Structure formats: C-alpha cells, structure tokens
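Let me begin by presenting the structure, written as structure tokens, before commenting on it.
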Amino acid sequence: MSEPIEKKEMDKAYNPADNEARWYAFWNEKGYFTPKIDQNQKPWVCIMPPPNVTGALHQGHALFVSIEDALTRWHRMKGEPTLWLPGTDHASISTEVVIEKLIWKEQKKSKNEMGREAFLARVWAWMDEYQGVIRQQLEKLGASADWTRDAFTMDAKRQRAVKVAFKRLFDEGLIYRAARIVNWCPGSLTVISDLEVEMKEEVSSLWYVRYPIKGEADRYVTVATTRPETMMGDTAVAVSPKDARYADLVGKTLILPLVGREIPLIADEGVEAEFGTGAVKVTPGHDPLDFEIGQRHKLPIINVMNPNASLNENGGQYAGLDRFEARKRVVADLEAGGYLVKMEPYTHNVPYSEKADVPIEPLVKEQWWVKIAPLAEPALQAAYDGRVKFVPDRFKKTYTDWMENIHDWAISRQLFWGHRVPVWFCDNCGHTTCTLEESLDKCESCGSTDKIWQDPDVLDTWFSSGMWPFSTLGWPDQTEDLAYFYPGSVLETGPDIIFFWVARMIMFGIHFMGEVPFQTVYLHGLVKDEKGQKMSKSKGNVIDPLETVAEFGSDALRFTLLTGSTPGVDVKLSLTKMADSRNFANKLWNATRFITLSGTDNLSYQPPTLELAETLADRWIISRYQQLTTDVTRLIEQFQLGEAGRLLYDFLWSEFCDWYIEVSKLRLNSPDPAIKQSAQQVLCAVLEGSLRLLHPFMPFLTEELWHHLPHQGEALIVAPWPTPTEQPDTEAIAKFEAVQAVIKGIRNAKSEAKVESKRVAAIIAPHTEYRALFVGEADTIIRLAGVEATKLDILDPAATIEAPRQAVSIVTDGATVYLPLADMLDLDVERTRLGREIEAARKEVEKGENTLANSSFVDRAPANVVAKERERLASNRERLTKLEERLKDLS
RNA sequence: GGGCAGUUAGCUCAGUUGGUAGAGCGCCACGCUUACACCGUGGAUGUCAGAGGUUCGAGCCCUCUACUGCCCACCA
C-alpha cells in the first residue's frame, strides 16, 4: 500500500473525518502495530485491559486508549519492540444479566426455563455478533494495538489456561470447598465476592423487641434489630461479657417470640454493650457477625430464606413471603403480641449486589474458595520492595492496605456464562476429581462411572482476568511470546479495579510465572462531565465518544483527554474543551498549509539543528525546539502526559505560529531564492520535529501533515523519537526575547493610545550592548510591531539625543522606545499612563530594596539568588529612572 | 469509624527539587496584515479555602480547622 495521501492543495480547514480512517488502514496494513521480536532488545509491553463485549464504548475507554496508545506510540518511536496486546472480556455476570434481559424481551423466558445449553448458545451467538464492534470502535480512536494477538478471556486457549491454573491451585491445596456465610444475590441467584458488594445508606428502623425469659413471668431481654424478618432463624441472644446489666442473666433460656422456640442467652466479645440495648439476636444463617458468634458457641444454623429471598418453610406462617413483606408482617405481629417495645428511625448501610442492584442476603452455602494468604504474601512483598511501582504513588498504600487484610476469595458462581469449574463429584464415594478433560469417564477414587457429575458452577470472571498478562501470551505453553514479552512494562487502568484485577494479576503472575506481571501500574482517573458529575444515562450528561469523534475528530478527543489529565485525577470533559483541541488541530493544519503553499515540495529533509540557522529567529526557534524535546521526553518518562501535551500546545501555537511563522514571512517574501529557502528549511525542520513529538497525542493529524513536509522514512508512526544533539543557544533565546519585548511594547502602546494608523514611526534608544541586536532585527520590528519602514530610527547610544515631546514612550530592559504620534497623542493621557507605570516600577524597586536590605536574606540565601535579586533591582531602578525622566520631559 | 485526594482569575484546570502567580474558555477593545474568524493584536480579573508554624523567603514543607469527592469497614 502506498502512502494514502494526495498531494493536492490542502483545504482551508482541517477535516478529521477525511483523514483518520485512511491513515488507520494504512498503519494496520503496513503491520506497524506488530512488534518484531529482537532478542538483542528489551521489549516494551502493555497488556490492554480487556473491555466487556457487552459494553458500548464510553469515555472511560477513550481515556485508556488515549493514554495507552500515546505510551505505545512513544515507545515504538523510540525504536523498542513495542507490544500493546488487545482483547475482550467475557464478563461473566455482566453479560449474563444483559442476555437474560434480552431473552426475556424476545421470548418471555427465564434462563432457567431456557436451560443451560440453549442459553449458552444464545450468548455465543450474541458474542459473535458484537465481538467486532468494540474493536472497530477502538480503531476509530486510533488504537495502535497488535490485532494479530487479539485475545478473548473465553476463547479456546484461555479456557485451557484457566483449567490448568485451577487444577494447579487445586492440587496445591490452594482451592478448597467450604460452607461459609457468603453474599447471596437474590437478583441474579448467585454468590458474589465481597468486592461485588456495595454499601448503600438507607433510612430504615431499629426495632426493639423483647424476648421473654423462660420460667420468669414478666421478665424480658430486649434486643434491637434492623432485620426482624430473620428472627425465625434466631438461635441465641448475645450480650457483651463486660455488660453488668446482663451478667446475672447469661446462661438463661429465652423464648423466641412468635415462634415459641427456646434459645440461650450467651455472652460474646463481638457484641458492643453501648449499642441499642446491649443485647443482640443471633441469626447465624443470615448475618456474618452472627455466623461467627454461632461458630464460637456451636449454635445451630437455621436458614429461613429461599434463593429469591422469600421465606422458606422455616419461616413458619411467613413462608412464601418476600423478605420485606415478611418484615412488615413480623413487626405487626410482634406489636400485636406485645413484644414490640419501640421503634426508632435508623439510617444505616445496607449491602447491595452491585450488578443486580438488590440487597444481598447473607446465607450459608458451600462454595469454592481460593486460600489467599500464600498468594498475597509475595504479592505484598513485590509492592514493598518496588518490583511493582504505582503511579501515582499513593495507590501503593491502597493496594497494600487491602492486601494486608485480604480474605479468602469465593470463586464459584451459580451462573451459566463463564469458565466451568473443572471438578466432578462422585455420589458414590464423595470424592472430587479435578481434570483438564472436557468430560470425566469415572471417579478417580472409586471408579464409579454413573454416579459422577460435574460441578454446575462457573468461575468468578476475575479468575480468568487475573491470568490475562500471561494467558494472552500463550501460557501454559512455553511460547516464544511468553518468553520474550513477559513480564510486561506498564499496566494502565482505573483505580476502581485495583483489588478486583490488579491485585489478582500480581498474585497469579508471581504464583504461576514466578515474576511480577508488570513493573508499573498507572492509574488514571474517571471521566466526568464538566461539572464533575459521573456521566450516566439517567442524568442525561453522557458525552458519547463516537459522537465527539464524528464532530471534532479522534485527535481532538484524545488531546482533550490527555491534556485534561494528571495521573490518578478525574478528567472533566466538556464540549468547549473539545472545541479547543479541534482548533489546535486546525491551527497546525493551517500552519502546515501555509508553509507548503510557499513551495516546499522539492526541499530535502533536514534535521532541526543550529546548522540550519541563518537568523536570530532561527537560532531562537531551533533552540526552543530542542528545549521542548528535552522537556516533553522527560515528562512522558514521568507519565506526565498532560503536561507534555500542554507544552506542545504552547510551543506550537504561541511560539512557532505566533512568532516564528510571522517572522519568517519576511524571508519567504524575499526575491532571493536562497533566503527564501533557508527560511523554508527551518520552518519545515522545526515543524517536522514537533509533529514527531506530538504524534503520540494526535496520531492522525500529525501523520497526515508529516507527509506534506519533507521527511525521511515511510511513516511518522515509525519515525525516530527526537533526541537533542546539541546545546540550545540560550543567548539567542534571551536576545530574541528582548526583541519580543520591544515589539509587544509598541503594540501595547499603539493599542492603549488608540492609534488609528496601522504603521507608526518609532525611535529606539537602545542600551549600548543591545544596539547591534535592534539594528539587526529592524525588519522584524517593522513587520511585527507595525512600524513604518522608513520611519524607524535606531539611535546610537553614544550620541545624546533629544527625546521627542509628542511621543509615547516604552521602557524595556533593552531599550526605550518612543512613538512620536504628534497631534494624535493626548499628552495628559500619556502623563497619566506614565504615572501608573512609575508607580508600579517604584513598588518593584522598593520591594527589591527591602529584600536586599534584609541582612539575613543576603547572608543566607544562595549567592545566585541574591545576585539575581540585585540584577532585578538594578534593572527596575533604571526603568524607574527612565520613566521619571520621561515624565519630567513632558511636564 | 478509618484512610486517600481536592480547595489557585467568572468557568475548567496547570504550576517539575520552596526564589517576583500561568493557560484555555468566557469577558472588553481593536482588527479581513498575501495560513488559519476553528483567526490575529491588546486589555481587565487572583488576601493561591481559613488559622498557626518552619524558613532570609511558602501556592509548594509541617500542624490544625472547614467544606467537597472517593475508597475501605460485620455495631445488630
């Protein structure tokens, strides 16, 4: 494929839609996204967080693509074998919920009515349909990911990897089965992990219920509860052992109201005497704390709930009622029976299932668990000793705090969609067989062939995600990819999945590969709307990335997200910011258009070094470009992409376009072709280099513009990242800034004095050492300040001159400038203006004098700071003197 | 209850080791100067949340307070 560019005249405005698809196809077909394995070079590797197939593309995707692609492109340009490995996630429970709804809509059938196989067939069909959509969307954003290695967490290779990992943990005794209190989601009818539980504040009531003491008429123990509907499952009442109020009652038997069952009054450390009445009903089947108390006191466990959170047969007269309906009835009956002492309004946190958005029900169930301590310990060490670094650093604490208090991980889910638990039970001998095979012929213990059945559960989706850094590279096979690309370099993701995902990857990476899966974890913020609110459909504040791409271009979206972001900080996105970025793209388009319109087609490529410089402005812009290169490189190394982007924006717009291009117009107009060409060379060289620096931020635009300019190599995406080869000429920078000061001063004075004519006369009285500078830059001043060419007078500092009376005067560090405006100038206005300036200058002088009069400053501050302060004072004094003299002249 | 961020110009945000406060948008005034009105030139606007402290010097370091946001947590 040849370069997809037509060297026709560029349009007046940049149209991203024309460009972006064209260049993406070109890059992709050229194979630039696929790294070449080179054993002599260390690769740079980033494994993409796999998006859910279910999800429509949102700004969070746009943000991670912007960041990861920028890093990827940067490393690629640095010449490293660069792998950004893409993929998608089966997202077990999320997908299952989506498909359930879909099937309900289509066929009015539940997944259970439909059956496992039919349901899974439907999911796979759906996957086939939508799998490609996310990829296309990522491509639209410019993701330069290696699609030849595209992976899916449920494809055949990953399925095998999961089984191998499971079996290994199983054989090592790190996966076990146990009945514990778990978080049951009555919405999706599965167990979920602690991490999938979300606490929501809710206004409810605290009911005070009295439990009669057996055999003692009119004596009660009053308990406070938020969940009266579970009282049919009560198997004790507990108080604090330190609570004197109940000391003599401990050991007595209570009668459970409404039920009549006898339960003991026990003392347990877990009870807080200060809360409520100090007595708590113990329901080991439906509360985590009660479960623990129950274990300690060997209390029976009574489960009163069905899977859908209606009461079961143990609920007596409430059986069949939903838990909240049962609550109402129980309370009413308690009240009727005289058991309800009082009821207080009470606000507390209720655990909700994140995915199904219903309150979870703690239940005792048998599940598969991962024994986490042996995995967590080395994963914690890796963070302590810095083998894994966090950017920003504070997230290291988030990680270690959690890891230090980690609990065993419940990994089985009562779902259809996911990796099936590779374990068979034997009803004959009770043995469990874990196998990598699709099916099992006979129990490995007793040999039974007809009493065996596979565990119907699937694995927590994060089990397969946790293996992503190596399963994508071919593990458990010893592939070339695995040997070369593992461990990765950077893992880039959101802080919301540090525990879900990052922690599990580190644990699994160390356990299965013996090495941390990545050196750096970069955490980005969340994308919010312009008011800082989370974008959501219900709020109607969603900015759809594809719509923004269509309107402003992918580059504009990327640039906005990158420059609006600091690591770990939320990004507020607004349409005005998008417009700014689009304008920036247009600015560069037009700068390039201007340069090429001057006729640069036959120019050969030249690197932007001082060798090219003919003029002061050349030396200035090239030196500034070199400084920029150093700064941008340093910032990207530090993951400060936002700062780097802003630097590029400022340089290109405020320095290159506003000053350098304007200055260069003088030479572009020269009748001497050599002069014209020397200007063109610098324009092209600096712009070409800047486009390289900008490429990771705005890949499409820069690639297009680069091809319009003289260049070497076949594409910008693989052009070398610039490295400065010489020292910037700081003297030239200072000199040019002195010229800028004079030009700005004249412009300002003209504007303030409301000068009508475009061209004015000017007299420059330079300081001795600046005379040559201003004489040399006379043309620049004439053009950029709007001075009449024949009426610019640069005085000889040696000669005494009479300053013109009817003139505005401008005092800069390098010169005093007079604009003789004759009748146009109102002297009163000029005197007032000078008065203001004198006032300001005097303040500066006073400030400097005070600082330097302070002996402790002079003694203790570093010499260079004191010297700088002295210089500043001297120059302010001189300025003040000049202004005062001028005012005297005018009075 | 514990922890972590944030509080800088009307708005959105920068501010690298402490050394005279910045950008974009918006606003005001000019302006079609042979790239760009998605533009140019000029201008106005800040007790850097508050109070202490360290220092010759603090937006940056320390302490406390206030408000905002997020994370973690089995007081029923």
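Predicted model, so just to flag it, every value in this text is computed and none were measured. Here is the naming used below: chain letters follow the sequence lines, and residue numbers restart at 1 for every chain. The basis for the numbers below is simple: all heavy atoms, side chains too, and nothing from hydrogens, waters or symmetry mates.
Atom-to-atom, CG of A:L526 to P of B:rG69 comes out at 15 Å; the value is rounded to the nearest Å. Going from atom CG of A:D194 over to atom P of B:rC71 covers 16 Å, rounded to whole Å. A:I743 has its CD1 atom 15 Å from the C1' atom of B:rG40, to the nearest Å. At whole-Å resolution of the value, CD1 in A:I746 and P in B:rC30 are 22 Å apart. Atom pair A:K750:NZ and B:rG42:C1' shows a separation of 11 Å (rounding to whole Å applied). In this structure, the CG atom of A:L705 is 12 Å from the C1' atom of B:rA35, given to the nearest Å. Across the protein-nucleic acid pair, A:D268 atom CG and B:rC74 atom P stand 16 Å apart, rounded to whole Å. What separates CG of A:D658 from C1' of B:rU41 is a distance of 10 Å, to the nearest Å.
Between B:rU33 and B:rU17, the two P atoms lie 46 Å apart (nearest whole Å). Taking the C1' atom of each, B:rA14 and B:rG59 are spaced 12 Å apart, rounded to whole Å. Nucleotides B:rU8 and B:rG1, compared at atom P, are 27 Å apart to the nearest Å. Taking atom C1' on both nucleotides, B:rG18 is separated from B:rC70 by 30 Å, rounded to a whole Å. Between B:rG69 and B:rC62, the distance separating the two P atoms is 25 Å to the nearest Å.
A:V271 comes within 4.0 angstrom of a base, heavy atoms only. Here A:Y346 lies in heavy-atom contact (under 4.0 Å) with sugar-phosphate atoms only. If you check every strand for non-hydrogen atoms under 4.0 Å, A:T566 touches sugar and phosphate atoms only. Among the heavy atoms of the strands lying under 4.0 Å from A:T226 are primed sugar atoms or P, OP1, OP2 only; no base atom is included. Contact annotation for A:F499: backbone-only contact, meaning every heavy-atom pair under 4.0 Å involves sugar-phosphate atoms and none involves a base. At the heavy-atom level, A:N669 lies under 4.0 Å from base atoms of the strands shown. Heavy atoms of A:S574 sit nowhere under 4.0 angstrom from any nucleic acid atom. At the heavy-atom level, A:A591 lies under 4.0 Å from base atoms of the strands shown.
Not a single donor-acceptor pair, N or O on each side, falls under 3.5 Å between the base of B:rC36 and the side chain of A:K12. Side chain A:K665 to base B:rA35: a donor-acceptor pair is found below 3.5 Å. Contact annotation: side chain of A:Q640 to base of B:rA14, donor-acceptor pair absent below 3.5 Å.
The pair A:E752-A:K750 does not count as a salt bridge, with every side-chain nitrogen at least 4.0 angstrom from each carboxylate oxygen. Using a cutoff of 4.0 Å between basic side-chain nitrogens and carboxylate oxygens, A:E830 and A:R833 are scored as salt-bridged.
The closest side-chain donor-acceptor pair between A:T230 and A:K281 falls under 3.5 angstrom. Between the side chains of A:E361 and A:H286, at least one donor N or O sits under 3.5 Å from an acceptor N or O. If you check the side chains of A:T222 and A:T277, you find no donor sitting under 3.5 Å from an acceptor. At a cut-off of 3.5 Å, with distance as the only test, no side-chain donor of A:Q627 or A:T630 sits close to an acceptor on the other residue.
In this structure, B:rA66 forms a base pair with B:rU7, meeting either the Watson-Crick or the G-U wobble geometry with both donor-acceptor distances under 3.5 Å. In a base pair of the Watson-Crick type (N1 to N3 plus N6-O4 or O6-N4) or a G-U wobble (N1-O2 and O6-N3), with each distance short of 3.5 Å, B:rG46 is matched with no nucleotide.
If you check B:rG43, B:rC75, B:rG40 against the side chain of A:F275, the one that comes closest is B:rC75. Minimum atom distance to the side chain of A:E643 is reached by B:rA14, of the listed B:rA14, B:rA35, B:rC4. Residue A:K587 places its side chain closer to B:rG40 than to any other of B:rA14, B:rG40, B:rG42. Comparing atom distances between the A:N349 side chain and each of B:rC36, B:rG3, B:rA73 picks out B:rA73 as nearest. The side chain of A:R394 has B:rA5 as its nearest neighbour among B:rC13, B:rA35, B:rA5. Across B:rG3, B:rA76, B:rA35, the shortest atom-to-atom separation from the side chain of A:V280 is found for B:rA76. Among the nucleotides B:rA76, B:rA35, B:rC72, the one closest to the side chain of A:E662 is B:rA35. Listed candidates were B:rA14, B:rA76, B:rC36. Nearest to the side chain of A:R646 is B:rA14.
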At under 4.0 Å between heavy atoms, how does the protein contact nucleotides 16-29 of chain B? Give one character per nucleotide, 5' to 3', with B, S or -. B--BB---SS----
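Each of A:F594 and A:W659 was matched to the nucleotide of RNA chain B holding its nearest heavy atom; the match closer to the 5' end belongs to A:F594. Of the two residues contacting RNA chain B, namely A:R783 and A:G564, the nearest-nucleotide position lying further toward the 5' end is that of A:G564.
Between A:Y399 and A:F390, the angle of the ring planes lies from 30° to 60°, which puts this pair in the tilted group.
With hydrogens and angles disregarded, no donor-acceptor distance shorter than 3.5 Å links the side chain of A:R646 to the backbone of A:L641. Not a single donor-acceptor pair under 3.5 Å links the side chain of A:Q638 to the backbone N or O of A:L635.
Residues A:I372 and A:D408 approach most closely at N-OD1, 3.0 Å, considering heavy atoms.
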